[in-house]
**Student:** 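A single structure is presented below for examination.
Computed from a predicted structure; not experimentally measured. All ligand and atom numbering here is 1-based and tracks the order in the structure.
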Amino acid sequence: MSDITANLAYESHSIAHHGPRLRISEKIALTAMGIGSMLLALSLIAVNGSTSETLKNLWFNISWALAIGGGGYFALSKHLKDRPGVRNQGKTTDSLTARGAWGWMLGIVFTGFYIIIYWFPQYLEGLTRLHDGLSQFLQGKPADEWFVYGTVYTILTTLMGAKAIAKYRHNRYHIVRTSVIIFAQLIFAYLFPAICVKFNQPEVYLTYFWPLAYDKLFPSTVMHLFHSGGLGYFIAGWFICGTFLATPVLTYYFGKRWYCSWVCGCGGLANTMGDSWRQLSDKSLKSWKIERWSIYSVLALIFSLTVLLWCEPYLPASMKEIVYQIRRFYLFGIGAVFSGVIGVGFYPLMGTRMWCRFGCPMAAFLGLLQRFNSRFRITTNGAQCISCGNCSKYCEMGIDVRHYAQRGQNIIRASCVGCGICATVCPRGVLSLENGPTNNRYNHEEGLSLLGKMKSR
Ligand code: SF4
Ligand code: SF4
């Protein structure tokens, strides 16, 4: 039986049996996850500064053990008992994955969480105090709302990463890539910064470079690092080399995927927790136009702001006020609202890469390098394409992959993050992520003539 027939047979079987076919163990796991989550939510009103350490630690251990154990077991069991890969059935009708009631509800919860953590952190006091024990152990000081955020972010990336590995277990690229995402988040973006704080060193997130971490090359940050001694010099050097040396060199060899799909925490969360919503990205030409205007405007803004801040001592007072206002706008409008509230809050409504696609200046910078000076391309074997559209549907960056595949053209788009899902979901093996010589990246004429010859046979 051919691949296509086998896939169709499987899909028909799945559709016929579509529904909540949960095992008893999965029901128990779901219940445990629900109880754990409710205990965490309850801490918001029931825990405060006067709650005893013993009670807080017990509460913390029980609630997270139930939430992680139950959620992890359920997610892994659900995917391991199923055939590996993406399931088409239900994707456009399920409430959770097709902007139904569950999707909206989760969108509101995510968005609400970001609004509270940015502007009303006092309402998270109970949950924050619950994490004091862990924070004391890792950072040597009581927790704040950003420690709680980092903990939740890391747990979700790890747990949903394990789920993604189970889901794509037939594909080595995704197993290795997702393992690296989990490792980078856990070690470089969570444990390392916490340990830095414990030893009275600057708190640094080694996986975030300028311009994504916009303040990393601001004069105030660089001077602070230089005044912090040996480790400060190392960290300042790390950020400068990361931005101006590692970024162009690695992007030349591997495309922007080395960062956006392997290292970056934003991409990490999108490809783990957000994987179920990747099909919601808008594929229209209009959104592609908006994307280009929007993302390069943000890049231009942070570039100008950084230059202006370095020139600030030489600017007149009126100009300094303008620089101050631009900085405030960037922190609020781009750093908080766009990257946080919209970037993650809108996952269940508009897909998982809203920030990466429309706002991230790092993605814009990497995209320019990928477009004009990189060995990366997605090659297409156009004659094999049956125009099923799976590739376009599951492209989280809204690229109409099928358009290129039908013509046998290489895909060289600034926005492609090299996640590889288009190649994985293609039932005909048409697409392949490759690094190769730069002189034959654009094969548009060659692709069309080859396709013509194949079709005329
Ligand atoms: S074109 Fe393919 S590899 Fe690139 S972002 Fe879209 S799905 Fe990922
Ligand atoms: S490239 Fe593959 S997934 Fe995309 S339309 Fe063609 S056959 Fe379908």
**Student:** Of all the non-hydrogen atoms in the protein, which one sits nearest to atom 2 (Fe) of ligand 1, and at what distance?
**Tutor:** C422 SG, 2.3 Å
**Student:** Around atom 6 (Fe) of ligand 2, how many protein N, O or S atoms are there at under 2.8 Å?
**Tutor:** 1
**Student:** How far is atom 4 (Fe) of ligand 1 from its nearest protein heavy atom, and which residue and atom name does that atom have?
**Tutor:** C416 SG, 2.3 Å
**Student:** Determine whether the aromatic ring centres of residues W258 and Y252 are separated by less than 6.0 angstrom.
**Tutor:** no
**Student:** Determine the sole option in F188, F254, F183, Y173 for which the ring-ring contact (aromatic ring centres under 6.0 Å, His included) test with W262 is passed.
**Tutor:** Y173
**Student:** Ignoring hydrogens and geometry beyond distance, is a side-chain donor-acceptor pair present between Y259 and T247 at under 3.5 Å?
**Tutor:** no
**Student:** Write down the atom of T97, the atom of L280, and the distance for their closest heavy-atom approach.
**Tutor:** O-CD2, 3.5 Å
**Student:** Kindly state whether the ring of Y114 and the ring of Y149 have centres lying under 6.0 angstrom apart.
**Tutor:** yes
**Student:** Checking a contact table here: which protein heavy atom is nearest atom 6 (Fe) of ligand 1, and how many Å away?
**Tutor:** C395 SG, 2.3 Å
**Student:** Using a strict cut-off of 4.0 Å, indicate which atoms of ligand 1 neighbour a heavy atom of M397.
**Tutor:** 5 (S)
**Student:** Show, in sequence, the C-alpha distance, side-chain angles and deciding distance for R257 and R177, and conclude whether the side-chain contact (heavy atoms from CB on, under 4.5 Å) test is met.
**Tutor:** CA-CA 10 Å; R257 59 176 160 161; R177 186 173 71 84; over 6 Å; no
**Student:** Using the ring of each side chain (for Trp, its six-membered ring), is W238 parallel, tilted or perpendicular to F209, with breaks at 30° and 60°?
**Tutor:** tilted
**Student:** List in chain and number order the residues that pass side-chain hydrogen bond (donor to acceptor under 3.5 Å, both in side chains) with T243, two or more places apart in sequence or in another chain; answer none if no residue qualifies.
**Tutor:** none
**Student:** In the protein, what heavy atom is nearest to atom 8 (Fe) of ligand 1, and what distance, to one decimal place, separates them?
**Tutor:** C419 SG, 2.3 Å
**Student:** With heavy-atom distances below 4.0 Å as the criterion, list the atoms of ligand 1 near G418.
**Tutor:** 3 (S), 4 (Fe)
**Student:** Which residue pairs pass the ring pair (Phe, Tyr, Trp, His ring centres under 6.0 Å) test with at least one member in residues 273-304, sequence neighbours excluded?
**Tutor:** none
**Student:** Which residue holds the protein heavy atom closest to atom 3 (S) of ligand 1, what is that atom called, and what is the gap in Å?
**Tutor:** G420 N, 3.3 Å
**Student:** Just jot down the ligand 1 atoms closer than 4.0 angstrom to any heavy atom of I378, in number order.
**Tutor:** 1 (S), 2 (Fe), 3 (S), 4 (Fe)
**Student:** Considering residues at least two apart in sequence or located in another chain, which fulfil the side-chain contact (heavy atoms from CB on, under 4.5 Å) criterion with P211?
**Tutor:** L299, I302, P361, M362, F365
**Student:** Tell me whether V417 reaches ligand 1 (any heavy atom closer than 4.0 angstrom to a ligand atom).
**Tutor:** yes
